[in-house]
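Below: one structure, written as structure tokens.
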Amino acid sequence: MASTQGRENGPEVAPYDALLLVSFGGPERPEDVVPFLENVTRGRGIPRERLEAVGEHYFLFGGRSPINDINRTLLAEIRADLDAHGIDLPVYWGNRNWDPFLGDVVEQMKADGITRVACFTTSAYSSYSSCRQYRENLADAATQAGDGDVEDSPRLDRLRSYYNHPGFLEPVVDRIVEALPGREDARLVFVTHSVPDSMNDGSGPQGGAYLAQHRNAAAYVADRVATVTGAPHAHDLVFCSRSGPPQVPWLQPDVNDHLERLAADGVASVVLIPIGFVSDHMEVVYDLDTEAMETAERLGLDAVRVATPGTDPRFVAMVRDLLVERAAVERGEPVDRAAVGGDPASWDLCAVGCCPNPQGDRSALGGVA
């Protein structure tokens, strides 16, 4: 077992003796695609034919999602960053929907003698899909590792949401600034994953957090871009990846519909900013790089898509910052929490009823007792 004491001059991370990178997962070969989608949609009654249709998005890219390779790189970068800052802590990686599966990884941690784990999720915002579902999966993993008893598993603490952490947003600012030369009149179009209106309404302690957090992040980034470049740019928040029955209302407008409206209004250039995504995974490379860019080309819009934070050193350093911050909180010590854009730093423990499961209550870790 690793020491929770930092090496000489390294920050203290006790009571944690491991860090777990928790991600969504994705297929790595064509035969993985439909089984992966079955894992993602389990319990929703979606017919196999529909999954095969959605799978075509993956088959366009050889049946392989970029996300696992991105996470392998992120894992290596996190380990190197902790080592460079004198933190002797093992770092594991587990996925919700594909190998390495979260439950198997927590079982391995238990076998390795790990007792308490800080869990960093590759999802920055608050909603059922982006927060509570991860917490439910952590509870499932702890149950598996404990042979039915969560108390016999390593304790898993989810690190807080980080939509307004500078390590997440400042890399986005820089990517936009780099894209603007020759596009001085460009519209900034921030894009995130759509969710049902009801899911947004239930997100966060008071509801509406998912949309509010994205608006806050987009406004901060647009203001920073204006400060750096000396020129303000109009900006919008739009959505992608809508699914489900058409009669169920989801957050709008869709990015492609919005590009149609911008072109009709005489806008000539847009910068697409995947503000809702941590890395350039399938929803980015298909929904934006493929569909949205095809729409822009058809409309005669000059368009560029900027990169997500991915493995930017500031994003990697943010993982360490969140780990050290939460460790201090658990030791009962005062701590400065990094946050930009006006909102305070997010909560460590989710409130009762926060981001409810639309299919009924399930056990979830990381909430107020």
Next on the checklist: Show the nearest heavy-atom pair for residues Ile87 and Pro11, with the distance to one decimal.
Outcome noted: CD1-CG, 3.5 Å
Item to check | Nearest heavy atoms of Ala139 and Ser363, plus distance in Å | outcome: CB-O, 3.6 Å
Any salt bridge between [X] and [Y], counting N to O under 4.0 Å?
X      : Y      : result
Glu52  : Arg48  : yes
Glu38  : Arg42  : no
Glu28  : Arg72  : yes
Arg305 : Asp280 : yes
Arg116 : Asp17  : no

Checklist entry - Which residues pass the side chain to side chain contact (heavy atoms under 4.5 Å, CB included) test with Phe59, sequence neighbours left out? => result Pro30, Val33, Glu56
Checklist entry - Partners of Ala76 by side chain to side chain contact (heavy atoms under 4.5 Å, CB included), sequence neighbours excluded? => result none
Expected list for residues 97-110: side-chain donor-acceptor pairs under 3.5 angstrom, two or more places apart:
residue	atom	partner	partner atom	Å
Asn97	ND2	Phe24	O	3.2
Asp104	OD1	Gln144	NE2	3.1
Gln108	NE2	Asp112	OD1	2.8
Lys110	NZ	Ala145	O	3.1
Lys110	NZ	Asp152	O	3.1
Lys110	NZ	Asp152	OD2	3.1

Checklist entry - With a distance cut-off below 6.0 Å to the six-membered ring centre and an angular limit of 45° from the axis, does Arg96 pair with Tyr134 as a cation-pi contact? => result yes
Checklist entry - What pairs of residues pass the side-chain hydrogen bond (donor to acceptor under 3.5 Å, both in side chains) test when at least one of them lies in residues 343-355, not counting sequence neighbours? => result Tyr163-Asp343, Asn216-Asp343, Arg337-Asp348
Item to check | Atom pair CG (Leu74) and CG (Asp81), whose distance is rounded to the nearest 0.5 Å | outcome: 10.5 Å
Checklist entry - About how many Å separate OH of Tyr286 and OG of Ser65, when rounded to the nearest 0.5 Å? => result 14.5 Å
Checklist entry - Relative to the ring of Tyr125, is the ring of His214 parallel (under 30°), tilted (30 to 60°) or perpendicular (over 60°)? => result parallel
Next on the checklist: Using salt bridge (charged side-chain N to carboxylate O under 4.0 Å, His left out), reason through Glu136 and Arg362 one step at a time and then give a plain yes or no.
Outcome noted: CA-CA 7 Å; Glu136 291 175 350; Arg362 282 186 60 201; 3.4 Å; yes
Checklist entry - Would Asp287 and His57 count as having a side-chain donor-acceptor pair, cut-off 3.5 Å? => result no
Is there a side-chain contact between [X] and [Y] (heavy atoms, below 4.5 Å)?
X      : Y      : result
Arg158 : Cys350 : yes
Leu159 : Thr121 : no
Leu169 : Val340 : yes
Leu188 : Phe190 : yes
Leu299 : Leu262 : no

Checklist outcome for this item: Sequence neighbours excluded, the answer for side chain to side chain donor-acceptor pair (under 3.5 Å) partners of Asp32 is Arg29
same_hphob_cluster([X], [Y]) at 4.5 Å side-chain heavy-atom cutoff:
X      : Y      : result
Ile176 : Val284 : no
Met199 : Leu211 : yes
Ile78  : Val13  : yes

Exercise answer: donor-acceptor pairs, residues 246-253 side-chain atoms, under 3.5 Å, sequence neighbours excluded:
residue	atom	partner	partner atom	Å
Trp250	NE1	Ser243	O	3.3

Checklist entry - Using links of under 4.5 Å between side-chain heavy atoms of ILVMFWY residues, direct or through other members, which residues join Ile70 in one cluster? => result none
Checklist outcome for this item: Note: with side-chain heavy atoms under 4.5 Å as the link, the other cluster members for Val335 come out as Val329
Checklist entry - Mind checking what makes ring-ring contact (aromatic ring centres under 6.0 Å, His included) contact with Tyr220, not counting sequence neighbours? => result none
Item to check | ring-ring contact (aromatic ring centres under 6.0 Å, His included) partners of His258, counting only residues at least two apart | outcome: none
Next on the checklist: Listing request: all salt bridge (charged side-chain N to carboxylate O under 4.0 Å, His left out) pairs with a residue in residues 232-254, at least two apart in sequence or in separate chains.
Outcome noted: Arg187-Asp236
Checklist entry - Can you list every pair that meets salt bridge (charged side-chain N to carboxylate O under 4.0 Å, His left out) and has a residue in residues 117-131, with sequence neighbours left out? => result none
Checklist entry - Does Phe120 have its ring centroid less than 6.0 Å away from the ring centroid of Tyr162? => result yes
